[in-house]
Amino acid sequence: MAVLGKRGRLWVAEPFFGRGRRIQLASSARGGAAAGRLVLVGGGKRGARVVRELGRPDVARDVLEALMLDRGLRRSFPAPGGGRGQ
């Protein structure tokens with residue numbers, strides 16, 4: 001999880017939870033995400049890239065989703081009709 005930012009001409013992903021280094025991104029690797037947004041960063045053949053844009057760091061729902069993804073959890077719901085009540 002990182003916050004996307006711009007340092008001069010470069011795009012960087014700054015870690016949101018905990019410590020870590022800034023990750024430099026190519027402008028084409030940011031996936032259309034804007035500066036100041038929470039993003040999920042992954043590795044690729046040509047360096048780091050934005051895998052998913054999660055939202056804004058000042059919205060609690062977006063921060064909780066980022067925290068869940070950071071801890072290896074996914075937001076999921078039970079399949080319709082496949083459970084209790086049948």
Side-chain angles (χ1 to χ4, degrees):
M1 292 317 119
V3 176
L4 194 62
K6 191 151 169 109
R7 299 279 184 230
R9 289 182 12 199
L10 303 175
W11 287 92
V12 293
E14 299 180 23
F16 190 68
F17 301 114
R19 294 182 173 185
R21 292 184 174 184
R22 288 184 190 138
I23 301 169
Q24 183 176 339
L25 300 170
S27 60
S28 61
R30 66 184 177 97
R37 305 293 288 210
L38 274 173
V39 292
L40 177 62
V41 178
K45 290 182 181 179
R46 297 182 180 154
R49 65 182 179 86
V50 172
V51 175
R52 184 173 164 191
E53 183 179 351
L54 300 172
R56 297 180 3 201
D58 59 345
V59 176
R61 177 182 55 227
D62 298 339
V63 173
L64 284 175
E65 183 175 359
L67 183 62
M68 288 174 64
L69 288 170
D70 187 56
R71 302 294 187 248
L73 303 171
R74 288 188 344 182
R75 180 175 50 167
S76 63
F77 300 98
R84 297 182 182 174
Q86 288 188 4

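Positions are given from 1, in the same order as the sequence printed here.
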Practice problem: Would you please name every residue forming a salt bridge (charged side-chain N to carboxylate O under 4.0 Å, His left out) with Arg7, sequence neighbours left out? | Solution: Glu14
Should [X] and [Y] be counted in the same cluster of Ile, Leu, Val, Met, Phe, Trp and Tyr side chains packed under 4.5 Å apart?
| X | Y | result |
| --- | --- | --- |
| Phe16 | Leu4 | no |
| Val51 | Met68 | no |
| Leu54 | Val63 | yes |

Quiz prompt | Qualifying salt bridge (Lys or Arg N to Asp or Glu O under 4.0 Å) pairs with a residue from residues 59-69, counting only residues at least two apart or across chains | solution =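 Counting only pairs at least two positions apart or across chains, the salt bridge (Lys or Arg N to Asp or Glu O under 4.0 Å) contacts touching residues 59-69 are Arg52-Glu65, Glu65-Arg75.
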Pair up each side-chain donor or acceptor in residues 17-38 with any protein partner under 3.5 Å, not counting sequence neighbours, and list the distances.
| unit_1 | atom_1 | unit_2 | atom_2 | d |
| --- | --- | --- | --- | --- |
| Arg30 | NH1 | Ala33 | O | 2.6 |
| Arg37 | NE | Glu53 | OE2 | 2.8 |
| Arg37 | NH2 | Glu53 | OE2 | 3.3 |

Side-chain donor-acceptor distances from residues 41-48 under 3.5 Å, at least two apart:
none

Self-check item: Heavy-atom pair of closest approach, residues Met1 and Leu69
Solution: CE-CB, 3.6 Å
Self-check item: Contact summary for Lys6 and Arg9, nearest pair of heavy atoms
Solution: NZ-O, 3.9 Å
Quiz item: How is the hydrophobic cluster of Val59 composed, in terms of its other members, when Ile, Leu, Val, Met, Phe, Trp and Tyr link through side-chain heavy atoms under 4.5 Å apart, directly or indirectly?
Solution: none
Self-check item: Shared-cluster residues of Leu64, by chain and number - hydrophobic side chains joined below 4.5 Å
Solution: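 ILVMFWY cluster around Leu64 holds nothing else.
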